[in-house]
Amino acid sequence: MSDVREQRGIARSIGKSVALVIAMFLFATLVMPPLYTLFCDLTGLNGKTRGQATPVAAAVDTSRQVTVRFVSAKNDNMPWQFRPEDFSLKVHPGEQIVTHFFAQNPTANIMVGQAVPSMVPHNATDYFHKMACFCFNQQALGPGEAANLGLLFVVDQALPKAINTIILSYTLFDVTASSPQAVAEKNRQLQSVRTADTTHLIAHSP
């Protein structure tokens with residue numbers, strides 16, 4: 001009889017252990033990522049940058065210059081060409097600056113890219129405001145298509161004096177498989193261009 005009770009106790013312990021493992025797995029996969037993202041967004045840790053900022057009129061601090069360096073990277077599965085047009089800019093705090101990144105899809109298929117930003121030093125994220133950025137949206141490019149991707153930003157006048165250089169890095173990911181709507185929309189655009197070109201050729205043929 002004691003053996004039966006012992007076996008039941010062991011079974012209950014195993015069941016509790018399995019349930020605990022499942023609960024920990026669900027917490028790690030479903031709960032932790034959103035909390036981590038929220039934590040990074042609130043604190044700026046891990047170099048994550050802020051979202052879109054609202055333009056406001058502000059005086060330009062011409063007595064100070066900050067160097068902003070731009071870095072591009074791609075994940076292993078992304079075949080696009082991707083690079084900043086300006087590798088380094090000297091800006092005055094409060095000054096609205098426009099720069100671009102170049103992207104080209106060298107493949108024979110429509111692809112969709114998503115750029116994810118990060119920043120060094122991490123404590124500069126609170127003072128780097130993006131009014132417009134290609135990273136806010138997915139970028140769909142047709143076969144061989146190239147694009148200049150724009151970034152409009154301001155370095156806040158309240159940037160700590162100890163920070164003289166900011167490094168803004170964008171890593172480009174291939175999100176084609178998870179973006180069927182973007183692929184379909186780009187395909188419609190390409191079909192529309194082909195139709196317009198055919199119509200133009202017919203209209204001007206002898």
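Keep in mind the model is a prediction, meaning the values are calculated, not measured.
- Within the structure, no pair that satisfies the salt bridge (Lys or Arg N to Asp or Glu O under 4.0 Å) test touches residues 155-167, not counting sequence neighbours.
- Heavy atoms only, all atoms of each residue included: Pro121 and Ile166 are closest at CD-CA, 4.4 Å.
- The shortest side-chain heavy-atom distance between Ser88 and Thr67 falls under the 4.5 Å cut-off.
- When the salt bridge (Lys or Arg N to Asp or Glu O under 4.0 Å) test is applied to Glu85, no partner is found at least two apart in sequence or on another chain.
- The distance from the CG atom of Leu172 to the CG atom of Leu149 is 8.5 Å, given to the nearest 0.5 Å.
- Evaluation of the salt bridge (Lys or Arg N to Asp or Glu O under 4.0 Å) rule for Lys186 yields Glu145 as partners, not counting sequence neighbours.
- Heavy atoms from other residues, nucleotides or ligands lying under 6.0 Å from CZ of Arg69 number 12 at most.
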CA sep, side-chain torsions, deciding dist, call: Tyr127, Gln157, side-chain contact (heavy atoms from CB on, under 4.5 Å): CA-CA 8 Å; Tyr127 308 96; Gln157 299 95 321; over 6 Å; no
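- Just one of Val98, Val154, Leu151 meets the side-chain contact (heavy atoms from CB on, under 4.5 Å) condition when paired with Met131; it is Val154.
- Between Gln104 and Gly144 the shortest heavy-atom distance is NE2-O, 3.4 Å.
- Side-chain contact between Ile163 and Asn123: present, with at least one pair of heavy atoms (C-beta onward) separated by less than 4.5 Å.
- A continuous path of hydrophobic side-chain contacts links Leu89 to Leu168 [ILVMFWY only; heavy atoms under 4.5 Å].
- Between Asn187 and Gln191, the closest side-chain pair of non-hydrogen atoms falls below 4.5 Å.
- Scanning both residues, Met119 and His122, for their nearest heavy atoms gives O-ND1, 3.2 Å.
- Residue pairs meeting the ring pair (Phe, Tyr, Trp, His ring centres under 6.0 Å) criterion with at least one partner in residues 71-96, sequence neighbours excluded, are Phe82-Phe101.
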Residues Val66, Thr165; criterion side-chain contact (heavy atoms from CB on, under 4.5 Å); working and verdict: CA-CA 6 Å; Val66 178; Thr165 301; over 6 Å; no
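- Inter-residue side-chain proximity for Phe128 and Leu159 is flagged as unmet; no heavy-atom pair is nearer than 4.5 Å.
- No donor-acceptor distance shorter than 3.5 angstrom exists from the side chain of Ser192 to the backbone of Arg188, with no hydrogens or angles considered.
- In this structure, the side chains of Ser118 and Thr171 stay at 4.5 Å or more apart for every pair of heavy atoms.
- Annotation for Gly142 and Asn105: closest pair O-ND2, 3.0 Å, computed over non-hydrogen atoms.
- A chain of hydrophobic side-chain contacts below 4.5 Å, direct or via other Ile, Leu, Val, Met, Phe, Trp or Tyr residues, connects Tyr170 to Ile97.
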Residue pair Lys74, Gln81: steps toward the side-chain contact (heavy atoms from CB on, under 4.5 Å) verdict: CA-CA 9 Å; Lys74 302 178 294 182; Gln81 295 182 38; 5.8 Å; no
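- By the side chain to side chain donor-acceptor pair (under 3.5 Å) test, Gln114 pairs with no residue at all, sequence neighbours left out.
- Closest of all the heavy-atom pairs between Pro106 and Pro79 is CG-O, 3.4 Å.
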Full working for side-chain contact (heavy atoms from CB on, under 4.5 Å) between His129 and Phe153: CA-CA 5 Å; His129 308 306; Phe153 69 91; over 6 Å; no
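- Shortest non-hydrogen contact noted between Pro160 and Arg64 is O-NH2, 2.8 Å.
- Residue Asn77 holds its CG atom at 5.5 Å from CG of Asn75, rounded to the nearest 0.5 Å.
- Applying the salt bridge (Lys or Arg N to Asp or Glu O under 4.0 Å) test to residues at least two apart or on different chains, none of the pairs has a partner in residues 170-180.
- In the hydrophobic cluster analysis, where Ile, Leu, Val, Met, Phe, Trp and Tyr join through side-chain heavy atoms closer than 4.5 angstrom, Leu190 is grouped together with Val183.
- Remark: side-chain polar atoms of Ser179 are not paired, donor with acceptor, to backbone N or O of Val112 under 3.5 angstrom.
- Note that the CD atom of Gln65 and the CD atom of Glu95 stand 8.5 Å from one another [nearest 0.5 Å].
- Checking side-chain atoms of Ser178 against main-chain N and O of Val175 turns up a donor-acceptor pair under 3.5 Å.
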